[in-house]
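Heads up, the thing below is written out as structure tokens.
Lettering of chains follows the sequences in order, A, B, ..., and the numbering in each one begins at 1.
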Amino acid sequence: MSGKIDTPQAIRGTQDIFGAEAEAFAHVVETFERVRKLYRFRRVETPVFEKTAVFSRSLGETTDVVSKEMYSFEDRGGESLTLRPEFTAGLARAYITDGWKQYAPLKIATHGPLFRYERPQKGRYRQFHQIDAEVIGAAEPQADVELLVMADQLLNELGIAEGVTLQLNTLGDGDSREAWRSALVEYFRDHVISLSEDSQDRLERNPLRILDSKDPRDRPFVADAPKIDQFLSGEAQDFFGAVTSGLDAAGVRWNRMDSLVRGLDYYRHTAFEFVTDRLGAQGTVLGGGRYDGLMEALGGPMTPAVGWAAGIERLAMLVGEREEPVTDVIVVVEDDAAMAEGVAAVSRLRRSGTSAELFASGSPRKRFDKAVKQGAKAILAYSIREGEVASRIKAEDNLADRIEAALAD
RNA sequence: GCGACCGUAGCUCAGUUGGUUAGAGCGCCGGUUUGUGGUACCGGAGGUCGGGGGUUCGAGACCCCUCGGUCGCCCCA
């Protein structure tokens, strides 16, 4: 009896993933690993925590992520550290501090946990997991296209492309984006009293966000708001044109979504999201864009880059629960006098590459039934007949032969 | 940070307008039965009813606080 010691609870918004859900999670990661190798993206690992400045400088001080969602703390040396809320900033830091410029253009992929202090809900956790792909040091629209085509292939290989659509936009280069932003602020300021409270607040913090407000009060003004297209430079238009024609050439379907903006300050030019209506309020399955200004914000050389990230939990929800694979062989010891034979057999089977489990505890009479009930491709039972250890295999012939061979080694 | 709903055995749940020692199914453990076999029966372990306070003669049921879950808002993957 554990008595009066109360068990510490798991941290809010964290999850213990098990069984069919864990299989779905693993399937997403395995599929990503396979696809990323097809596109020759190199695997990298970076720390789950960084100096706080890595994120605050990259994402923008006024973004929600930086202003209220970071898990920041001081270490024993008094340094402010932060559990990574996203991958890109840390990867950019690594690119600069580890001299990865020598490998540019560099295609990299990673996956792992991220942390954001948010109210948990469907598809949103405080510790969540993403897969991530970046192309750093490539200014060409072909890099954007390659990334998008890879994302599209991933969703197809996961079997969840149905009902997921690619929404694509351009934010233009830095100057285009600024001009557009100023025009939006000016426009919305004229209607500020009619906007929702949230959007009035956004006008100060993040005016682009008003464009994808869900509030019906904002809709009419959003419809007539200045469009990015009016502010795009010639180069920005050409760039976006090259991305869309590349997608068309690769056979990837997309929708122009001129109200699509991304939350973080570092985005330029291409911005995109793969969205679905099958995940409740969290429609975005995979999102990203080009962040040509980020490296400089971190004190590095001007370095063009593009990338995306996708939530593993969200992808796994779309994949659905996956069956855990059935055991090849269950070895049943029906009499403890045959224990040594059972232990030997299960060891040999596993060494031969056959998955095997040993059922040798609890009531001897019920062990075989438990094996039948759990299910296995074959059951190998050891019992005592007339004082001798006797074995019996219940399996299809070809598998029975394989078991015999493994045991004979 | 805001809102709504929810919280009874390991799991899924029941528990009548507040009324004795809180139940079922599944699972688990043991026994009997069957014996090339996923049977049936019997028995057992396991709950301070998320936690704390309050109302009441009496609270799993009502009230407050708190923690957690779920789903929205916000934000995002």
Side-chain angles (χ1 to χ4, degrees), chain A residues 1-4 6-16 18-19 28 32 59 62-70 84-88 111-133 151 155 164 196-199 201-202 205-206 208-210 212-215 260-264 267 271-276 279-289 307-318 330 332 334 361-376 379-381 383 385 390-395:
Chain A
M1 294 267 284
S2 52
K4 297 175 179 60
D6 56 314
T7 306
Q9 292 175 312
I11 305 298
R12 172 166 225 189
T14 63
Q15 359 164 41
D16 301 307
F18 175 78
V28 169
F32 173 65
L59 315 189
T62 62
T63 59
D64 277 33
V65 172
V66 171
S67 63
K68 56 190 189 194
E69 296 175 1
M70 294 204 300
R84 63 185 179 198
E86 60 122 43
F87 275 116
T88 305
H111 65 82
L114 291 311
F115 306 85
R116 249 120 99 159
Y117 191 88
E118 294 185 277
R119 189 77 180 269
Q121 67 186 69
K122 188 181 181 74
R124 198 175 80 181
Y125 307 94
R126 287 187 175 179
Q127 178 179 332
F128 60 105
H129 302 79
Q130 288 184 349
I131 51 178
D132 181 285
L155 297 177
V164 177
S196 66
E197 297 76 23
D198 283 332
S199 285
D201 186 41
R202 282 189 275 240
R205 288 178 17 252
N206 200 347
L208 305 199
R209 276 277 150 203
I210 299 174
D212 52 17
S213 168
K214 290 172 191 162
D215 196 303
L260 173 71
V261 295
R262 311 234 65 241
L264 310 177
Y267 287 110
F272 54 85
E273 290 181 355
F274 285 80
V275 299
T276 178
L279 289 179
Q282 268 62 243
T284 303
V285 157
L286 182 153
W308 55 249
I312 297 176
E313 288 87 351
R314 292 184 187 176
L315 293 171
M317 275 190 262
L318 292 175
I330 295 178
V332 181
E334 296 195 273
S361 62
S363 172
R365 313 183 71 159
K366 292 185 175 172
R367 290 175 193 168
F368 195 95
D369 285 346
K370 270 161 57 175
V372 173
K373 205 166 180 180
Q374 173 164 315
I379 297 175
L380 169 60
S383 56
R385 289 281 155 88
S391 69
R392 193 170 62 237
I393 299 175
K394 180 188 163 96

- If you check the A/R385 side chain, which of B/rU36, B/rA77, B/rG27 turns out closest? B/rU36
- Validation row: A/R126, A/I11 side chains within 4.5 angstrom (heavy atoms): no
- Side-chain contact check for A/S363: nearest option of B/rU39, B/rG31, B/rU36 is B/rG31
- Assigned partner base of B/rC13, Watson-Crick or wobble definition, under 3.5 Å: B/rG23
- Query: Minimum heavy-atom separation for A/E313 to A/Q127, with atom names?
  - Reply: OE2-O, 4.2 Å
- Using atom CD1 of A/I11 as one end and atom C1' of B/rG69 as the other, report the distance to the nearest whole Å. 15 Å
- Figure out the CG/P separation between A/L208 and B/rC76, and round it to whole Å. 11 Å
- Message: Using a heavy-atom cut-off of 4.0 Å across all strands, would you classify A/Q121 as base, sugar-phosphate, or nothing?
- Response: base
- Message: What contact category does A/G123 fall into here, base, sugar-phosphate, or nothing, at under 4.0 angstrom with non-hydrogen atoms?
- Response: base
- Task: Quote, to the nearest angstrom, the C1' distance that separates B/rU20 from B/rG58.
- Result: 11 Å
- Query: Rounding to a whole Å, what distance do you find between A/L380:CG and B/rG37:P?
  - Reply: 17 Å
- Message: So A/G283, base contact, sugar-phosphate only, or nothing? Heavy-atom distance under 4.0 Å.
- Response: nothing
- Message: Using atom C1' in both nucleotides, what's the gap between B/rG38 and B/rA4 to the nearest angstrom?
- Response: 45 Å
- Give me the one residue out of A/L155, A/V164, A/T284 that meets side-chain contact (heavy atoms from CB on, under 4.5 Å) with A/T276. A/V164
- Query: A/R392 has a side chain; which of B/rG38, B/rC75, B/rU36 sits nearest to it?
  - Reply: B/rU36
- Message: Taking only the P atom of each, what is the distance from B/rC11 to B/rG27 in whole angstrom?
- Response: 15 Å
- Under a 4.5 Å cut-off applied to non-hydrogen side-chain atoms, are A/R84 and A/P113 in contact? yes
- Task: Check A/A310 against A/L315 and note the closest heavy-atom contact, atom names and distance.
- Result: CB-CD1, 3.9 Å
- Message: Using the side-chain heavy atoms of A/R124, tell me which of these nucleotides is nearest: B/rG37, B/rG1, B/rC74.
- Response: B/rC74
- Note on the structure: Considering only heavy side-chain atoms of A/T284, the closest of B/rG1, B/rA77, B/rC73 is B/rA77
- Determine the interatomic distance between C1' on B/rU70 and the same-named atom on B/rG50; round to the nearest Å. 15 Å
- For A/R367, report the nucleic acid contact type (base, sugar-phosphate, nothing); a contact means any heavy atom under 4.0 Å. nothing
- Task: Report which part of the nucleic acid A/R116 touches: base, sugar-phosphate, or nothing (heavy-atom distance under 4.0 Å, all strands).
- Result: base
- Go ahead and name the base partner of B/rG37; Watson-Crick or wobble counts if both distances stay under 3.5 Å, otherwise write none. none
- Atom pair distance, as rounded to whole Å: CZ in A/F115 and P in B/rC75: 24 Å
- Item | Side chain of A/K366 (C-beta onward), nearest among B/rC29, B/rU32, B/rA77 | B/rU32
- Query: Considering Watson-Crick and G-U wobble pairs with both distances under 3.5 Å, what does B/rC62 pair with?
  - Reply: B/rG54
- Item | Contact summary for A/F87 and A/G112, nearest pair of heavy atoms | CZ-N, 3.4 Å
- Could you check if a side-chain atom of A/T88 sits within less than 4.5 angstrom of a side-chain atom of A/D132, using non-hydrogen atoms only? yes
- Can you check the A/Q282 CD to B/rC74 P distance for me, whole Å? 10 Å
- Item | Short side-chain N/O contact to B/rG72 OP1/OP2 from A/R119, under 4.0 Å | no
- For B/rG44, which nucleotide is its Watson-Crick or G-U wobble mate, given both distances must be under 3.5 Å? B/rC28
- Task: Would you mind telling me which of A/R367, A/K370, A/Q374 makes a side-chain contact (heavy atoms from CB on, under 4.5 Å) with A/I330?
- Result: A/Q374
- Item | B/rA4: pairing nucleotide in any strand, Watson-Crick or G-U under 3.5 angstrom | B/rU70
- Task: For A/F87, report the nucleic acid contact type (base, sugar-phosphate, nothing); a contact means any heavy atom under 4.0 Å.
- Result: nothing
- What is the nucleic acid contact for A/G362, judged by heavy atoms within less than 4.0 Å: base, sugar-phosphate only, or nothing? sugar-phosphate
- Message: Both distances below 3.5 Å, Watson-Crick or wobble geometry, any strand: find the nucleotide opposite B/rC75.
- Response: none
- Query: Is there a donor and acceptor pair closer than 3.5 Å between the side chain of A/R202 and the base of B/rC74?
  - Reply: no
- Message: Categorize A/E69 for me: base, sugar-phosphate, or nothing, with a 4.0 angstrom heavy-atom threshold over every strand shown.
- Response: sugar-phosphate
- Message: By the 4.0 Å heavy-atom rule, please label A/R209 as base, sugar-phosphate, or nothing.
- Response: sugar-phosphate
- Selected nucleotide, minimal atom distance to A/R12 side chain, candidates B/rC76, B/rG68, B/rC74: B/rG68
- side-chain N/O A/K370 vs B/rG38 OP1/OP2, d < 4.0 Å: no
- Item | Selection from B/rC74, B/rG38, B/rC76 that lies nearest to any side-chain heavy atom of A/V372 | B/rG38
- Message: Distance check needed: B/rU70 P versus A/M317 CE, whole Å only.
- Response: 10 Å
- Rounded distance (Å) that lies between atom C1' of B/rG37 and atom CD1 of A/I379: 9 Å
- Message: I want to verify a distance call: between B/rG72, B/rC74, B/rU39, whose nearest atom is closest to the A/K122 side chain?
- Response: B/rG72
- How close or far is atom P of B/rA77 from atom CZ of A/F272, stated in whole angstroms? 11 Å
